[in-house]
There are 2 protein chains.
Amino acid sequence: MESSNYKILLVDDESDILEFLSYNLKKEGFQVSTAGDGKEAIEKAKKLHPHLIILDVMMPEMDGIETCEKIRSLPEFSDVLISFLTARGEDYSQIAGFEAGADDYISKPIKPKVFISRVKALLKRSGRVSEEGGNTSNGLISIGNISIDRERYLIIQDGKEFSLPRKEFELLILLVSRPQKVFTRDEIYSSIWGEKIIVGDRTIDVHIRKLREKIGDDYIQTVKGVGYKFVDAAN
Amino acid sequence: MESSNYKILLVDDESDILEFLSYNLKKEGFQVSTAGDGKEAIEKAKKLHPHLIILDVMMPEMDGIETCEKIRSLPEFSDVLISFLTARGEDYSQIAGFEAGADDYISKPIKPKVFISRVKALLKRSGRVSEEGGNTSNGLISIGNISIDRERYLIIQDGKEFSLPRKEFELLILLVSRPQKVFTRDEIYSSIWGEKIIVGDRTIDVHIRKLREKIGDDYIQTVKGVGYKFVDAAN
DNA sequence: AATAAGATTAACGAAAAGTTAACTTCTATT
DNA sequence: AATAGAAGTTAACTTTTCGTTAATCTTATT
């Protein structure tokens, strides 16, 4: 397992614990991000699409369980791994925690070795190795608020899942595979239809249009005389 | 079924999870013992002779699969029931667990009600099987309200049992082995018929149709131009 | 303003999948 | 070995969905 392929989001209100865990995970080569509360956690999760989110159960404002529920309620995170940090003897937190959708529990006090081995085991056993590096996570390709699940043939946008016809799906994957890059018509053409199949001039346009109709106009930009590119709508 | 007759051994390195499961099982009247690692599990199993052993797959040192193999290799435990706890989204087919001799899988996150009913179903079923004689490892795959009993070639749905012809059964197992994943026709084809056998275009369709006829239309979705996928009907 | 490139729309046709029944093969039983 | 019944496959046909086109409109660039 190449640890460095994995993104982990740590969430705790105590910066000491964040530092401690972060240090240990980074030493193992994980890509670690942190958040100090539930709200920040959800924001960062949307941006980063981590493989694993580790949540402290006890946090002011929004606790770990509530945060977990919120995250799980978004389809794009319906199968991200979530692990809780709990203090020993929190009787009812376990029950509520699994109801909320936790995959694992780690109890304080935390021993670095045990902690690391649990994290590794969780990632390894659940087998979500990212393909081709870059912006993939859980077999998802994510950019901005759009995720593409190639295995399930679904697009996930703003927490909503929907499917696309094959050609549109392929076209979107192509564009998203290199955000910002302008794909010429020829490139699109040969990548999606192949050299042998001959289609008319306006076919690509129509597919682009249908895509824009479904995901919104802001993502696919036309570069006149050249081609099309996918941009993160935020830009 | 009188729950109090049954002894269950829980094995997990996280004491919180042990407590949580233990609490829920005891509430139902089971006799529960616990162990924190594989070694302890084997010792306790020898002493207590439980009816069911529930093993977390992810444990440091000796993992659940190894522990399971060790236990099964002891003649006195050749037909104890063993169930695994696994993280979400694990691929049943890729799991060494059934080969190691697992009778059932329970995925985290664990919901108490589901957990209890699975445990009860397992104990109940095994009782019936053992009356009829030789029972090695049977293997029950469950998803949503459908369970597949590979040993007896039965589908259990809403408390009703029924059988399926071999090809339909294999097809269902394939799809269920990775819920949500779209299996292409080629994948289905080579997995169920193999490369050598040549069957016509509509053969898969017909099997899919027969399956839908029997389990209901909601479980198997068509992704046109790509293939089929199994979804939990709740979705 | 002219022109070229792209956008838009709806309609058409092809391809994929669904459906049904008939036919073949396999298996178990006598 | 004969045969009945079940399972599996095929063939013919229908339905649905998707991809493409054609015709027309809009926008950008010179």
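In what follows, chains carry the letters A, B, and so on, assigned in the order in which the sequence lines appear, proteins first and then strands, with residues in each chain numbered from 1.
At whole-Å resolution of the value, CG in A:L171 and C1' in D:dT20 are 15 Å apart. Atom CZ in B:F162 sits roughly 18 Å away from atom P in D:dA6 (whole-Å rounding). Atom P of nucleotide D:dC18 and atom CZ of A:R209 are separated by 16 Å, given to the nearest angstrom. Atoms CD (B:E168) and P (D:dG8) sit 7 Å apart, rounded to a whole Å. Look at NZ on A:K214: it is 15 Å from C1' on C:dT8, rounded to the nearest Å. Summarising the geometry, the separation between OH on A:Y153 and P on C:dA16 is reported as 13 Å, rounded to the nearest angstrom. Look at CG on A:D217: it is 13 Å from P on D:dT27, rounded to the nearest Å. The separation between A:D201 atom CG and D:dG19 atom P is 19 Å, rounded to whole Å.
When the nucleotides D:dT9, C:dA7, D:dT20 are ranked by their closest atom to the side chain of A:K167, D:dT20 comes out on top. The side chain of B:D205 lies closest to C:dT19 when the candidates are C:dT19, D:dT21, C:dT8. Minimum atom distance to the side chain of A:V206 is reached by C:dT8, of the listed C:dT8, D:dT9, C:dA17.
For A:F84 and A:Y105, the ring centers are positioned less than 6.0 Å apart.
Mapping B:T203 and B:L164 onto DNA chain D via the closest heavy atom, the residue that lands nearer the 5' end is B:L164. Positionally, the nearest nucleotide of DNA chain C for A:K210 lies more toward the 5' end than for the other of A:K210 and B:V226.
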Could I get a table of every N or O pair under 3.5 Å where one atom is in the protein and the other is in nucleotides 13-15 of chain D?
none

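In this pair, B:W193 and B:H207 present their aromatic rings tilted. The plane angle is within the 30 to 60° band.
Cation-pi check for B:K111 over B:F115 is not met; the charged atom does not lie both under 6.0 angstrom from the ring centroid and within 45 degrees of its normal.
Dashed line: the shortest gap from a side-chain N or O of B:H207 to OP1 or OP2 of D:dT9 is under 4.0 Å. Side-chain N/O atoms of A:R166 include none lying less than 4.0 angstrom from OP1 or OP2 on D:dT17.
Scanning both residues, B:Q180 and B:V231, for their nearest heavy atoms gives OE1-CG1, 3.8 Å. Across every non-hydrogen atom of B:I192 and B:L171, the tightest pair is CD1-CA, 3.3 Å.
A:T222 and A:R212 form a side-chain donor-acceptor contact under 3.5 Å, judged by distance and modelled atom types alone. Defined by atom type and a distance below 3.5 Å, a donor-acceptor pair is present between the side-chain atoms of A:Y219 and A:N145.
A:Y153 places no side-chain N or O within donor-acceptor distance of the main-chain N or O of A:I148, the cut-off being under 3.5 Å. The closest donor-acceptor contact from the side chain of B:S191 to the backbone of B:I188 lies at 3.5 Å or more, if one exists at all.
Listed by residue number, the members of residues 191-200 of chain A with any heavy atom below 4.0 angstrom from DNA chain D are A:W193, A:V199, A:G200.
Every pair passing side chain to side chain donor-acceptor pair (under 3.5 Å) that includes a residue from residues 160-174 of chain A is listed here, sequence neighbours excluded: A:R152-A:E161, A:E168-A:K214.
At a threshold of 4.0 angstrom between heavy atoms, the contacts of A:Y228 are confined to the sugar-phosphate backbone, with no base atom among them. If you check every strand for non-hydrogen atoms under 4.0 Å, A:T222 touches sugar and phosphate atoms only.
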